[in-house]
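Please read the structure below before turning to the comments.
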Amino acid sequence: MKISELSPEYHRPPPHAGHLTDLARVVADVEQYDTSDPAPPEKLAADFRRVLTNLGSAASSLTDACRLQIWKLATRLWNAVVDRANSAALARGPSARAAEAEIRQAAPELLLLAGCPDEIHLAAAKTASFFLRAGQEWLGLGRVDLATACFEKATPLVSATATEEERSVLLDLNLARALAASHAGDQSLAVALLSRSKPLASASPKGTRSLAEGYLSVGEATLSAKPSDPAVGASSLLTEALDLFEKLASPSPSPSSASPKTPNLNEQKGRCLRYLALERLEAKDHEGVLRCIQVSRASVGLAGEHPSVGFMALHAWLGTGNLAEAERELERIMANANAPESVCVGAAEVYLASAGPEAARKVLVALAARCRAGGAAAAVRVVTKVVDGGISSAGRARAIGELVSDERVVALFDGPANTSHRGAMHTLLWNCGVEHFNAKNYDTCADLFERSMLYLSREEGSRARRAQCLRVLAVCYLALQRLDRAHEFVNEADKVEHNAHCAFMKIKIHLQKNDKDEAIKQIKIMMSCIDFNPTFLMLTTHEAIACKAVRVAVASLTFLLGLYSPGKPMPEREVTVLRTLIELLRREQGTEDEILKYSRRAKLRMSDLGVEGFFGNGPVGARELNWFAGNSWNMGRMVAKEQKYDLSAEFFELAVEFFGGASNDEADGNRPTICKALIMSVTSRLKAEELNNSPLSDSDVKKGVEMLSRAGKLLPSIWPSVSVASDQADANNFLFLHTFYSYQLLDRMDTSTHPQQLQLVKNFASSKACTPSHLLKLGKAASEGTPPNLLVAEFSLKASIKSALASHSPDYRVISSALRNLACLAGLQDLSGSKSDAVYDVYRQAYQIMVGLRDGEYPCEEGQWLAASAWNKSYLARRLNQASVGIKWMKMGLDLSRHVESMKQYIADMEQYLEHFQKMFHSEAGEHTLHGKNPDECSQQEGAPSTSMSGSMSQPVLV
């Protein structure tokens, strides 16, 4: 019965018709890749995954017709995939290529699912062949796992005992699996698969060639992968490949019949030898490298030699130390037109690394002639290699400088296309210069910096860099003390780019030349630059101090002080600048006025900003404040010694302000110093008045009284806690000064202050600080005042004598001086002679003191004055006709003379005169007594006898 005769109920569709229809639709979508809107590869790959899943679930129930239909659709799919691979219209991104590989693998997967129908010749071999090519596609994408899975699915489909076609497919599978295993790092498996392929390959030259190429490919992969298993070496694999190529019975095909996919045997042998040479080179077997290259050149010849052969030969000759042969190999590489420029440059780098910079010039010139498009890049690489070899010696640096300054080398960098390489060369030379600069090889680094400027364009964009190079060159020559050369470079830099850096460099040069005036002028120019900032003034100050140019440093800091304003950021705190400025001024002579000026500024800023706001917080601020206080105190003492009392008073007053700045109530450890500074300030003002003969104004007197009053409250604080002789004497002295100058200021007021002065002196006399010499000075001051305070003078002088006599070792100079002043004071009170007893008592007290002293213990000149003045007072009494008073003074003078060594020569004459005068006086006294008159009264009557002892003898007057 025919099929057309069947009943209609027998025309039902097959059970898998829907899956096959779906498969046919997806295959048709794959074939329509050149339409205006093709399906994306990712969608097609997903569709095939779905179709394969559906068909796989029903694989056991597929009919022969269905299987045959699947084979036809799978074959169409494979052909479509091949066409898609050859089309340029499809996307070639990584994801698209992976999707295309998945679509390609769908074809053998469908064939594997459909089985091997009898109608298909060698169905299993075709399926394995499709899996092989799909795996190779995955291997090309780097997906070794997917490639290996394809190969492993294909291998069971063919047998080594089957037909020649299956054997050929199995050989290709084994070689592909070996290559995949090698890429996966399993070199042992790769070698096993290659060994397993030898029986399959021996049947034909084509199989042998394939096996040899397999060994070569796995050897290359092993050489690059460096397997951990030492039993598997690239050398053995490459040697096996070379042996197989040499054993091929068929001659090498002619060049016209050769194709890129099947190169001739000589080329393949050349590859084997190149990789064997590389393997030997990595093993540092330089002789082995040279043997491989010798065999390769004998087989291939120099004309068709691969450029890498010469490169390896260069390495090998250098390894054996044969520089001459290495140079010849380098020349061959340069002469090889097929050698890429990168190979030429690399060979030059390797050669120079051993030959040194001395050969660099010749090599670089050769590269300049060989490399056209990449000459600048090659030059940079070569110079970099030379520099990496070390530039610490001046000779190597000089060689590099000569190398890069060759006109042919510089010409390589012409043109805008070489801008980056020009910048790289400049940077390279600059860094070399910096290395020598840091090593203080200034001559060498100057040469390198100057050479680096050959690679700077003169365009506007390079102005800043060019100016920087010129400034650095100026620094180098400045360090070499070649000041004129440095000045020349900085002037050029200033022309290129006028800025504060150039001005600062000129300042340094002027300082080195000791031209202070020009340096100060340049500071003003620097401050007018647009990029000026105060930091330059700080740097200028440091440079000036280093050059001992104090005047320049002072000028710089003075300019800096003028820039301070509230809220403006500055490189240094104002207090630090002021302190440094004052320290510098102290090094110069005659700068006391300037020091006072800036000390006043510090005090004013302290008042404006507060102590912590100006000096700072914590210990740092305390140290700054104490420095200014101590400096003011020391300056006050120094100028006081030079009798610059006006300045001294100002400095001591500032010291009071600074010492008192830390505490308003003066309750800290600075109280003794504040007290002393107050006293010294008033002392200096009064001494200035005396020196300049310019009376103090009433306001100054009032201010002085207030300062001493303030000091009086602090006087207890100056007493040392531990009794030290020097400290005790210092405290005593300040207490006396306070009393002495308080007395003098009170003396400037009206006489109503006399009781206050007396009480002041009495208080001092009752203190432990009082000494006889202090009282003597107070007594003298009181007696010499205008008007004199006689009460104070008498009290002070008597107290001085009393306290001196009461001491363990009396100072008779003080006593004698006090006695003389007291005698004069008594005479001042007794001009009329009405109180002569007071004066006589002073002389009598002096006589009592002198009695019993050793010769010279009492000052001779003072004793002589007492004796002479006492004797001469008798002359005044005689003139007043007071004979008895005169005799009394004569006796006192005679008594005093007996205790003065220098007066003993006059004693005889004095005694004779006294005796003669007494006789005359007694004779006249008896005559007047008969008349009932007092002798002194009678002698005063007109016409009475004279007591001048005229005639036979006159009264001696002692001087």
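The basis for the numbers below is simple: all heavy atoms, side chains too, and nothing from hydrogens, waters or symmetry mates.
One distance of note links CD1 of I545 with OG1 of T541; it measures 6.0 Å at 0.5 Å rounding. With rounding to the nearest 0.5 angstrom, the CD atom of E650 is 6.0 Å from the CD atom of E653. The distance from atom SG of C502 to atom CG of N499, rounded to the nearest 0.5 Å, is 4.5 Å. Rounding to the nearest 0.5 angstrom, the gap separating the CE atom in M526 from the SG atom in C529 is 8.0 Å. Taking CG of D646 as the reference point, atom CD of E689 lies at 11.0 Å (rounded to 0.5 Å). Interatomic distance, T591 OG1 to L596 CG, rounded to the nearest 0.5 Å: 11.0 Å.
Scanning for side chain to side chain contact (heavy atoms under 4.5 Å, CB included) contacts around E642 gives E592, M638, K644, with sequence neighbours left out. For F740, the ring-ring contact (aromatic ring centres under 6.0 Å, His included) criterion is met by F736, not counting sequence neighbours. E594 meets the side chain to side chain contact (heavy atoms under 4.5 Å, CB included) test with L585, K597, Y598; sequence neighbours excluded. Remark: H738 engages no residue in a side chain to side chain donor-acceptor pair (under 3.5 Å) (not counting sequence neighbours).
Residues M570 and V577 have side chains not in contact (no heavy-atom distance under 4.5 Å, counting atoms from C-beta outward). At least one side-chain heavy atom of Y741 sits under 4.5 Å from a side-chain heavy atom of K687. Taking 4.5 Å as the limit, every side-chain heavy atom of Q522 sits out of range of all side-chain heavy atoms of D515. The closest side-chain heavy-atom distance from E583 to N631 is not below 4.5 Å. With a 4.5 Å cut-off on side-chain heavy atoms, M453 and L470 count as touching. Between L715 and I679, some side-chain heavy-atom pair lies under the 4.5 Å cut-off. K780 has its side chain out of reach of K777: every pair of non-hydrogen atoms, C-beta onward, lies at least 4.5 Å apart. For the pair Y645 and N692, the minimum side-chain heavy-atom distance is 4.5 Å or more.
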Under the side-chain contact (heavy atoms from CB on, under 4.5 Å) rule, what do E450 and F489 come out as? Steps first, then yes or no, please. CA-CA 11 Å; E450 199 162 355; F489 274 110; 4.1 Å; yes
Steps toward side-chain contact (heavy atoms from CB on, under 4.5 Å) verdict (L483, L478): CA-CA 6 Å; L483 302 181; L478 183 62; 3.4 Å; yes
Go through the steps for F437 and L448 under the test side-chain contact (heavy atoms from CB on, under 4.5 Å), then give the verdict. CA-CA 10 Å; F437 184 87; L448 289 169; over 6 Å; no
Before giving the answer on side-chain contact (heavy atoms from CB on, under 4.5 Å), spell out for F559 and T540 the whole-Å C-alpha distance, their side-chain angles and the decisive distance to 0.1 Å. CA-CA 11 Å; F559 291 138; T540 301; over 6 Å; no
Report the C-alpha distance between K703 and E706 in whole Å, list the side-chain angles of each, state the deciding distance to 0.1 Å, and finish with yes or no for salt bridge (charged side-chain N to carboxylate O under 4.0 Å, His left out). CA-CA 5 Å; K703 181 179 179 181; E706 291 175 353; over 6 Å; no
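Aromatic ring pairs are classed by plane angle as parallel below 30°, tilted from 30° to 60° and perpendicular above 60°; the pair F413 and Y455 is perpendicular. In this structure, H510 and H487 have perpendicular ring planes: the angle between them is above 60°, well past the 30° mark. Below 30°, between 30° and 60°, or above 60°: for W633 and F652 the angle between ring planes is above 60°, a perpendicular geometry.
Taking a cutoff of 4.0 Å between a charged side-chain nitrogen and a carboxylate oxygen, E492 and K495 qualify as a salt bridge. At a threshold of 4.0 Å, the pair R551-D517 counts as salt-bridged, since one of the basic side-chain nitrogens sits closer than that to a carboxylate oxygen. A salt bridge is absent between E497 and R463; no separation between the charged side-chain nitrogens and carboxylate oxygens falls under 4.0 Å.
Residues A769 and F764 approach most closely at O-CZ, 4.2 Å, considering heavy atoms. When all heavy atoms of F658 and A602 are compared, the closest pair comes out as CZ-CB, 4.0 Å. When all heavy atoms are compared, the tightest approach of A446 to L473 is O-CD2, 3.2 Å. When every heavy atom of L456 is checked against every heavy atom of C469, the shortest pair comes out as CD1-SG, 3.8 Å. Across M538 and P571, no two heavy atoms sit closer than the pair CG-CG, 3.8 Å. Closest non-hydrogen pair, C445 versus C476, comes out as SG-SG, 3.4 Å.
Heavy-atom neighbours of R601 CZ from other residues, nucleotides or ligands within 6.0 Å: above the threshold of 12. Within 6.0 Å of the CD atom in E690, the count of heavy atoms belonging to other residues, nucleotides or ligands does not exceed 12. Dense packing is recorded around NZ of K513, with more than 12 heavy atoms of other residues, nucleotides or ligands lying under 6.0 Å away. Residue D698 places its CG atom among 12 or fewer non-hydrogen atoms of other residues, nucleotides or ligands, all under 6.0 Å distant. Remark: Q481 CD is packed, more than 12 non-hydrogen atoms of other residues, nucleotides or ligands lying under 6.0 Å away.
Judged by distance alone, the side chain of S681 and the main-chain N or O of L678 form no donor-acceptor pair under 3.5 Å. Of the possible polar contacts, none joining the S709 side chain to the V705 backbone as a donor-acceptor pair under 3.5 Å is found. Under a 3.5 Å cut-off, the side chain of N418 and the backbone N or O of D414 do form a donor-acceptor pair. A donor-acceptor contact shorter than 3.5 Å is absent between the side chain of S742 and the backbone of T739. No donor-acceptor distance shorter than 3.5 angstrom exists from the side chain of S556 to the backbone of V552, with no hydrogens or angles considered.
The closest side-chain donor-acceptor pair between S648 and S684 falls under 3.5 angstrom. A donor-acceptor pair shorter than 3.5 Å can be found between the side chains of D700 and S697. When only modelled atom types and interatomic distance are considered, K440 and N438 share no side-chain donor-acceptor pair under 3.5 Å.
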List the atom pairs, with distances to 0.1 Å, where a side-chain N or O of residues 613-625 and a protein N or O form a donor-acceptor pair under 3.5 Å, not counting sequence neighbours.
| unit_1 | atom_1 | unit_2 | atom_2 | d |
| --- | --- | --- | --- | --- |
| E624 | OE1 | R579 | NE | 2.9 |
| E624 | OE2 | R579 | NE | 3.4 |
| E624 | OE2 | R579 | NH2 | 3.0 |

Could you list the donor-acceptor pairs under 3.5 angstrom formed by side chains in residues 423-432, with sequence neighbours left out?
| unit_1 | atom_1 | unit_2 | atom_2 | d |
| --- | --- | --- | --- | --- |
| H426 | ND1 | S452 | O | 3.0 |
| H426 | NE2 | R465 | NE | 2.9 |
| H426 | NE2 | R465 | NH2 | 3.4 |
| T427 | OG1 | G423 | O | 2.8 |
| N431 | ND2 | T427 | O | 3.3 |

